[in-house]
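Taking it in order: structure first as C-alpha cells, then the write-up.
Just so we're on the same page: letters track the sequence lines, and every chain starts at 1.
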Amino acid sequence: MKTLIVITGPTGVGKTDIAINIAKRLSAEIISADSRQLYREIPIGTAAPTVEEQAKVCHHFVGTLNLDQYYSAAQFETDVLKLLPSLFEKSDYAILCGGSMLYIDAICRGIDEIPTISDEIRNSVIEKYKNEGIESICAELQRLDPDYYAIVDHSNHKRIIHAIEICQQAGVPYTTLRTGKHKQRPFRIIKLGINLPRPQLFERINNRVEKMLENGMIEEAKQVYHLRHLNALNTVGYKELFAYFDGTMDYTTAKERIKKNTRVYAKKQLTWYAKDNEIAWLTPQEASAWTPL
RNA sequence: GGUUCCUUGGCCGAGUGGUUAGGUACCGGUCUGCAAAACCGUUUACUCCAGUUCGAAUCUGGAAGGAACCU
C-alpha cells in the first residue's frame, strides 16, 4: 500500500527539518505544500528549504515558479497527482510537507471542478467592483446564484468576485459546481500535525524573523520591489518591508509587524487544522522519531 | 516650596451629567481555484477618597502620581 505522509502545522514550528528526517529514514521524496515557497525569487522570506537541505532529500515544488506566474490550489492538485506515481515507483512513501491549508486539502480531499476563468471575465468583474463597490457585485451575485449569495460573506469581495467569475465563465450558478464531495485517492494518507505550546511557537517565530532579516531578506525584498503589485508578493514579510522602503513605516515597526503578522498567520493555520480530525498531533520531537505502522 | 495643567480599557485616543466613540493589540472564528490571500466576532475603562445629584467618567473638595514654568 502506497502511503502519502502529510506533515503540516503552523509556520515556524520546524516542519522542514522533520520532513527531511522522516524522508531520509523512509527513502522518500518531499512534495512541498507551500503557496509561497513555490516562487524562486523569495526563498529567504518564505523560509524555503535551502540548497543544503534539498541536497539531503529531493524536494518538489520549491522555487519552481516566477513571481508573475498564476498558480492555485487546484493547479497544485493536478500537478501533484501527476507527479505522485513516479515517486511511488521509487518508494512506498511520499511526503507532503507544508503549511498552506488549502493546498493540503486540495491533495487530500480534492477541489471541485471549476472552469478556468478568462482574463476578460476576471478583469471585468474586478472593474465592476472597483467602480461600483461591493453592493453592486453583491446584487450581481444575488441575480446569478441566489443560493451561494445566501451563504457567502457579503463583506468579502474576493469570494463574491470569484463566485461571479465562475457563474459567468461556466454559464451556470456556482452552486451547481460545488459538490463538497471528498475525492478518493488511490493511496493511503496519514496526516501528522506538528505543534508546540503557543509561547514556544511564538518565540520561534520571532527568532526566525530576526534571522531572516540578518540573512539577507531585505536585499531579497529590494530585488522584487518593482513587482510588489503581484499577488505572490502579497505575503507576510514583503508587504511590511515594502512599506519600509516606501517610507511609510520605520524599520523597527516593520520588523515587529512581520513578527506579529506571522504569529497571526500561525494562529489562522491552527484554526483551520482544528477542524480536521484526521490529523494526529505531535510535538517536533515526537514527529522526528515517528515511523509509520 | 509656589503657580498652572494633566490622570480614560495592554497601548493610542474622543467624549456629553443618565442612550456603553473609534483605532490598535490580544483572544476567538469563517473558508473547496490568487489562501502567508480575503473577511467576521468577543472581551478589557473611565487613578483613589468624600461630597452635590433621582443619577457622575462627566460638577465640587481632598489625596496620590505626572508635566511645564517660577523662586
Rounding to the closest angstrom, what is the interatomic distance between [N] and [M] at atom [atom1]?
{"N": "A38(B)", "M": "G55(B)", "atom1": "C1'", "value": "47 Å"}
{"N": "G15(B)", "M": "A56(B)", "atom1": "C1'", "value": "14 Å"}
{"N": "C40(B)", "M": "C31(B)", "atom1": "C1'", "value": "11 Å"}
{"N": "C39(B)", "M": "U24(B)", "atom1": "P", "value": "12 Å"}
{"N": "U20(B)", "M": "A36(B)", "atom1": "C1'", "value": "37 Å"}
{"N": "C26(B)", "M": "G9(B)", "atom1": "C1'", "value": "12 Å"}
{"N": "U52(B)", "M": "G18(B)", "atom1": "C1'", "value": "16 Å"}
{"N": "G2(B)", "M": "G62(B)", "atom1": "P", "value": "13 Å"}

For [X], answer base if it contacts any base atom (sugar-phosphate contacts may also be present), sugar-phosphate if it contacts only those atoms, and nothing otherwise; contact means non-hydrogen atoms under 4.0 Å.
{"X": "T235(A)", "value": "base"}
{"X": "Y71(A)", "value": "sugar-phosphate"}
{"X": "E113(A)", "value": "base"}
{"X": "T46(A)", "value": "base"}
{"X": "G237(A)", "value": "nothing"}
{"X": "F76(A)", "value": "nothing"}

Side-chain N or O of [X] closer than 4.0 Å to phosphate OP1/OP2 of [N]:
{"X": "Y238(A)", "N": "A36(B)", "result": "no"}
{"X": "N231(A)", "N": "A36(B)", "result": "no"}
{"X": "S35(A)", "N": "A35(B)", "result": "yes"}

Donor-acceptor pair between Y39(A) and T46(A) side chains, under 3.5 angstrom:
no
Side chains of D79(A) and Y71(A): any donor to acceptor distance under 3.5 Å?
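Note: Y71(A) and D79(A) side chains meet the donor-acceptor criterion.
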How does each nucleotide of nucleotides 25-32 of chain B score, in 5' to 3' order, for protein heavy atoms under 4.0 Å: base (B), sugar-phosphate only (S), or none (-)?
SSSSSBBB
Can I get a per-line list of side-chain donor-acceptor pairs under 3.5 Å for residues 237-246 of chain A, giving both atom names and the distance, sequence neighbours left out?
{"from": "Y238(A)", "atom 1": "OH", "to": "I42(A)", "atom 2": "O", "distance (Å)": "3.4"}
{"from": "Y238(A)", "atom 1": "OH", "to": "G45(A)", "atom 2": "N", "distance (Å)": "3.1"}
{"from": "Y238(A)", "atom 1": "OH", "to": "E220(A)", "atom 2": "OE2", "distance (Å)": "2.4"}
{"from": "E240(A)", "atom 1": "OE1", "to": "G237(A)", "atom 2": "N", "distance (Å)": "2.6"}
{"from": "E240(A)", "atom 1": "OE2", "to": "N261(A)", "atom 2": "ND2", "distance (Å)": "2.7"}
{"from": "D246(A)", "atom 1": "OD1", "to": "Y225(A)", "atom 2": "OH", "distance (Å)": "2.1"}

Is the positively charged end of K275(A) above the ring of W272(A), judged by distance under 6.0 angstrom from the centroid and angle within 45° of the axis?
yes
R178(A) to Y174(A), cation-pi by 6.0 Å centre distance and 45° axis angle
yes
Heavy atoms of other groups near K90(A) NZ, more than 12 under 6.0 Å:
yes
Other residues, nucleotides, ligands: >12 heavy atoms within 6.0 Å of K24(A) NZ:
no
Specify the separation, in whole Å, of atom [atom1] of [X] and atom [atom2] of [N].
{"X": "I137(A)", "N": "A38(B)", "atom1": "CD1", "atom2": "P", "result": "15 Å"}
{"X": "R228(A)", "N": "C34(B)", "atom1": "CZ", "atom2": "C1'", "result": "19 Å"}
{"X": "Y70(A)", "N": "G33(B)", "atom1": "OH", "atom2": "P", "result": "9 Å"}
{"X": "I134(A)", "N": "A38(B)", "atom1": "CD1", "atom2": "C1'", "result": "10 Å"}
{"X": "I161(A)", "N": "A35(B)", "atom1": "CD1", "atom2": "P", "result": "15 Å"}
{"X": "Q69(A)", "N": "G33(B)", "atom1": "CD", "atom2": "C1'", "result": "16 Å"}
{"X": "I104(A)", "N": "G33(B)", "atom1": "CD1", "atom2": "C1'", "result": "16 Å"}
{"X": "H154(A)", "N": "C40(B)", "atom1": "NE2", "atom2": "P", "result": "13 Å"}

Suppose we define a pair by two distances each less than 3.5 Å, Watson-Crick or G-U wobble; what does A14(B) pair with here?
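A14(B) is unpaired by these criteria.
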Under a 3.5 Å cut-off for both contacts, is U52(B) paired Watson-Crick or G-U wobble with anything, and if yes, with which nucleotide?
none
If I compare all heavy atoms of I137(A) with all of V125(A), which pair ends up nearest, and what's the gap?
CG2-O, 4.4 Å
Do C108(A) and R185(A) have side-chain heavy atoms sitting under 4.5 Å apart?
no
